[in-house]
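Please read the structure below before turning to the comments.
Counting convention: from 1, in listed order, for ligands and their atoms alike.
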Amino acid sequence: MLSMTEASARHVPPRQPARSRRIVIIGGGFTGAALARRLALSEADLQITVFEPRARLGAGLAYDTRDPALRLNVAAARMKAFPEDTLAFERFLQRTGRLATDGPAEAGGAIYARRSDFGDFMHDALAPLIASGRIVHHREAVTGVHRQNGGYRILGDKGTALSADLLVIATSHPLPCCPQAAMALAGDPRVIANPFETDHLNRIGREDPVLVLGAGLTAVDLLASLRARGHTGVVTLLSRSGALPQPHADRQLTTTIAAPAQAASLRGWLKAVRSAVERAEAEGLPWQSVFDALRQQSQAIWQGLPLSERKRFLRHLRRRFEARRYRMPPQIAALLDSDMAAGRVRSIAARVTAAEATRDGLLLTLRQAGGTARIETPWLAIATGPDHCGIIAQHAYLRQMADQGLIRADGLGLGLACNGASRAIGADGAPVETLFIAGPLARATFGELSGVPEIAAQMDAIARTLLAEQPLHSADRAQPVLS
Ligand SMILES: Cc1cc2nc3c(=O)[nH]c(=O)nc-3n(C[C@H](O)[C@H](O)[C@H](O)COP(=O)(O)OP(=O)(O)OC[C@H]3O[C@@H](n4cnc5c(N)ncnc54)[C@H](O)[C@@H]3O)c2cc1C
């Protein structure tokens with residue numbers, strides 16, 4: 001009688017020729033599209049599928065707009081979408097003659113293109129790969145993911161069901177969340193809940209006052225969109241600190257920040273940054289040059305900080321850091337300056353403690369330094385930025401994956417846990433070999449991962465990991481047949 005092992009060995013079907021590995025990317029914003037493109041341009045035998053409900057790949061929340069008032073926050077030269085061709089976006093702008101029809105693009109000695117131009121650029125790069133079938137775009141939202149034979153079964157909301165060997169999660173940005181105290185206003189037609197779809201602003205009367213919750217880049221984008229529509233009413237920006245976004249320097253220079261003796265201490269880095277700013281100013285360099293240097297070093301700094309220091313950063317320094325790191329394009333900075341000077345924009349430092357809808361407007365109770373105040377407004381816009389904190393709860397497919405132990409939140413409220421190779425960390429604390437977290441949802445591991453160049457670098461690294469692995473053989477997962 002044969003032993004079990006001998007029987008299994010005898011009856012394993014002959015090895016089949018290698019078959020393509022099936023990679024499914026969920027989310028086709030900049031992150032998912034950059035990864036799909038990078039994989040598609042390789043020689044590897046891959047089936048690349050992207051699930052993305054939007055019509056175009058590569059645009060996502062940030063660049064899927066036709067609003068000409070919305071501009072990139074950084075100069076075109078810094079939108080390095082493809083690590084192997086860092087001038088591609090600038091060439092696209094020249095080749096398509098965009099700048100000839102966009103007089104205000106040039107400002108502060110650089111080009112600050114429209115956000116829609118970058119969406120078009122990504123579409124232009126992806127379209128031939130889709131047309132050739134190298135990338136398959138399913139215009140569907142993923143509603144479910146199940147483990148299946150060591151791989152995954154992915155379900156789309158229009159009925160597509162696909163199997164995959166490798167899965168990438170790239171559904172980064174949820175919409176902003178209405179503060180708890182203002183929840184009574186959710187669903188009210190006078191609340192602009194999605195600040196990224198600026199067509200909703202057409203409902204606002206030209207002279208109507210508008211109260212904006214949030215005073216960051218999303219808030220000043222809304223201001224630019226309103227003014228471009230001829231709106232002249234007073235816009236009030238309400239945030240806890242009252243701080244407004246900062247402008248870029250008129251010269252784009254970068255300096256360096258010397259690492260402190262205690263590189264694992266937030267206090268050490270804070271001192272290092274302060275003295276770098278003093279030194280820069282003494283040398284006639286703008287403070288912005290220090291924050292640009294910090295951006296270059298920030299992944300290394302973040303990864304050198306222990307968890308407790310990362311938490312301290314998020315609690316105490318994040319807002320101040322972000323206000324300097326994420327800066328306004330000069331066009332919007334000029335608009336904000338002139339509107340502030342004319343009294344058409346004001347900024348209030350306060351916290352909403354209660355809200356109610358009345359027949360005449362929306363009534364909010366605020367807690368300010370001087371006590372309590374009430375403010376009534378005909379329009380309220382929520383511009384507090386994408387809310388990553390409850391990311392798993394916001395997507396049915398992520399809830400399912402969490403229930404199966406495949407993913408877990410990162411514990412810092414930034415997104416999903418992953419290791420340094422971007423592999424998801426499951427409920428048991430171990431990396432899941434075939435599951436990757438791409439883009440801003442992986443910030444807790446990598447640190448700075450919001451800007452296009454940083455995301456592009458992570459996609460390059462994920463692609464290298466995927467391409468380094470051996471192709472699958474269809475017999476690899478076949479069960480031995482016992483006679
Ligand atoms: C308003 C804004 C302006 C920015 N401006 C700049 C800038 O000027 N320069 C810069 O360097 N960076 C900028 N950034 C940062 C950066 O470029 C973005 O964070 C980046 O585009 C992130 O892209 P993403 O694909 O990871 O996320 P997203 O843009 O959020 O894309 C995720 C995609 O997933 C899709 N999706 C969601 N749920 C599902 C589902 N269930 N199934 C399938 N698909 C799904 C969505 O439709 C979406 O298209 C900006 C960010 C924002 C939000």
**Request:** Starting from atom 31 (O) of ligand 1, locate the nearest protein heavy atom and write down its residue, its atom name and how far away it is, to 0.1 Å.
**Result:** G29 CA, 3.6 Å
**Residue selection (non-hydrogen contact nearest atom 14 (N) of ligand 1) among F196, Y326, Y63, Y112** = Y63
**Asked** Against heavy atoms of T31, which atoms of ligand 1 measure under 4.0 Å?
**Response** 23 (O), 24 (P), 25 (O), 26 (O)
**Protein contact to atom 48 (C) of ligand 1 [nearest heavy atom, distance to 0.1 Å]** = E52 OE1, 3.3 Å
**Asked** When only distance counts, is L61 in polar contact with ligand 1, meaning an N/O pair under 3.5 Å?
**Response** yes
**Request:** Could you tell me which atoms of ligand 1, counted from 1 in the order shown, lie closer than 4.0 angstrom to a heavy atom of G451?
**Result:** 11 (O), 12 (N)
**Request:** Before signing off on this row, confirm whether R115 and ligand 1 have an N or O atom pair separated by under 3.5 Å.
**Result:** no
**Request:** Looking only at distances, please establish whether an N/O atom of ligand 1 is found under 3.5 Å from an N/O atom of R54.
**Result:** yes
**Item:** F89 and F82 aromatic centres sub-6.0 Å
**Value:** no
**Prompt:** Closer than 4.0 angstrom: is that true for some heavy atom of G439 and an atom of ligand 1?
**Reply:** no
**Request:** Decide yes or no for L213 and P179: does some side-chain heavy atom of the first lie under 4.5 Å from some side-chain heavy atom of the second?
**Result:** yes
**Message:** Is it the case that over 12 heavy atoms from other parts of the model lie below 6.0 angstrom from the CZ atom of R206?
**Reply:** no
**Asked** Heavy atom under 4.0 Å from ligand 1: found in A170's side chain, backbone, both, or neither?
**Response** backbone
**Asked** Of the protein's non-hydrogen atoms, which lies at the shortest distance from atom 42 (N) of ligand 1, and what is that distance?
**Response** V142 N, 2.8 Å
**Smallest separation among heavy atoms of L99 and Q94, with atom names** = CD1-NE2, 4.0 Å
**Asked** Are Y112 and H248 an aromatic pair by the rule of ring centers under 6.0 Å?
**Response** yes
**Request:** Taking only heavy atoms of I26 into account, list the atoms of ligand 1 that are under 4.0 Å away from them.
**Result:** 42 (N), 43 (C)
**Request:** Answer with side chain, backbone, both or neither: which part of M79 has a heavy atom less than 4.0 angstrom from an atom of ligand 1?
**Result:** side chain
**Message:** So, 4.0 Å and heavy atoms of F118: is ligand 1 close enough to count as a contact?
**Reply:** no
**Message:** Below the 3.5 angstrom mark, is there an N/O of S172, backbone or side chain, next to an N/O of ligand 1?
**Reply:** yes
**Message:** Parallel, tilted or perpendicular, judged at 30° and 60°: which one describes the rings of F30 and F118?
**Reply:** tilted
**Prompt:** Under 4.0 angstrom from ligand 1, any heavy atom of R78?
**Reply:** no
**Item:** atom 5 (N) of ligand 1: nearest protein contact (heavy atom, Å)
**Value:** N73 ND2, 3.4 Å
**Request:** Among all protein heavy atoms, pick the one closest to atom 52 (C) of ligand 1 and tell me residue, atom and distance.
**Result:** A62 CB, 3.5 Å
**Prompt:** Looking only at heavy atoms, what is the nearest atom pair of S450 and R443, with distance?
**Reply:** OG-CD, 3.8 Å
**Item:** Under-4.0 Å heavy-atom contact with ligand 1, by part of S450 that carries it
**Value:** backbone
**Contact check, side chains of R227 and V345, non-hydrogen atoms, under 4.5 Å** = yes
**Prompt:** Residues in ring pair (Phe, Tyr, Trp, His ring centres under 6.0 Å) with Y397, at least two apart?
**Reply:** H395
**Fill in**
Quick note on ligand 1: atoms under 4.0 Å from a heavy atom of F51 include exactly 43 (C), 44 (N)
**Item:** Proximity of H173 to ligand 1 by residue part, where a heavy atom lies under 4.0 Å
**Value:** both
**Among T171, L449, D157, closest by any non-hydrogen atom to atom 36 (N) of ligand 1** = T171
**Request:** Could you check whether the rings of F321 and F291 sit parallel, tilted or perpendicular, using 30° and 60° as the cut-offs?
**Result:** tilted
**Request:** Give the numbers and elements of all ligand 1 atoms closer than 4.0 Å to a heavy atom of L72.
**Result:** 8 (O)
**I455: numbered ligand 1 atoms lying under 4.0 Å from its heavy atoms** = 20 (C), 22 (C)
**Distance-minimising heavy-atom pair for S116 and R66** = CB-NH1, 3.7 Å
**Prompt:** Taking atom types as modelled and ignoring hydrogens, do the side chains of D67 and S225 form a donor-acceptor contact shorter than 3.5 angstrom?
**Reply:** yes
**Request:** Could you pull out the closest heavy-atom pair between L449 and G439, with the gap in Å?
**Result:** CD2-O, 3.2 Å
**Message:** Quick check: do F121 and T96 have side-chain heavy atoms less than 4.5 Å from each other?
**Reply:** no
**Request:** Write out all pairs satisfying side-chain hydrogen bond (donor to acceptor under 3.5 Å, both in side chains) with one or both partners inside residues 26-42, taking only residues at least two apart or from two chains.
**Result:** R37-E84, R38-D460
**Message:** Under a 4.0 angstrom heavy-atom cut-off, which atoms of ligand 1 come close to V452?
**Reply:** 10 (C), 11 (O), 12 (N), 17 (O)
**Partner of R21 under side chain to side chain contact (heavy atoms under 4.5 Å, CB included), chosen from L39, L46, T434, D45** = L46
**Residue G27 vicinity, atoms of ligand 1 by number, heavy atom under 4.0 Å** = 34 (O), 35 (C), 43 (C), 44 (N)
**Which residue and heavy atom of the protein sit nearest atom 38 (N) of ligand 1, plus the separation** = H395 CE1, 3.2 Å
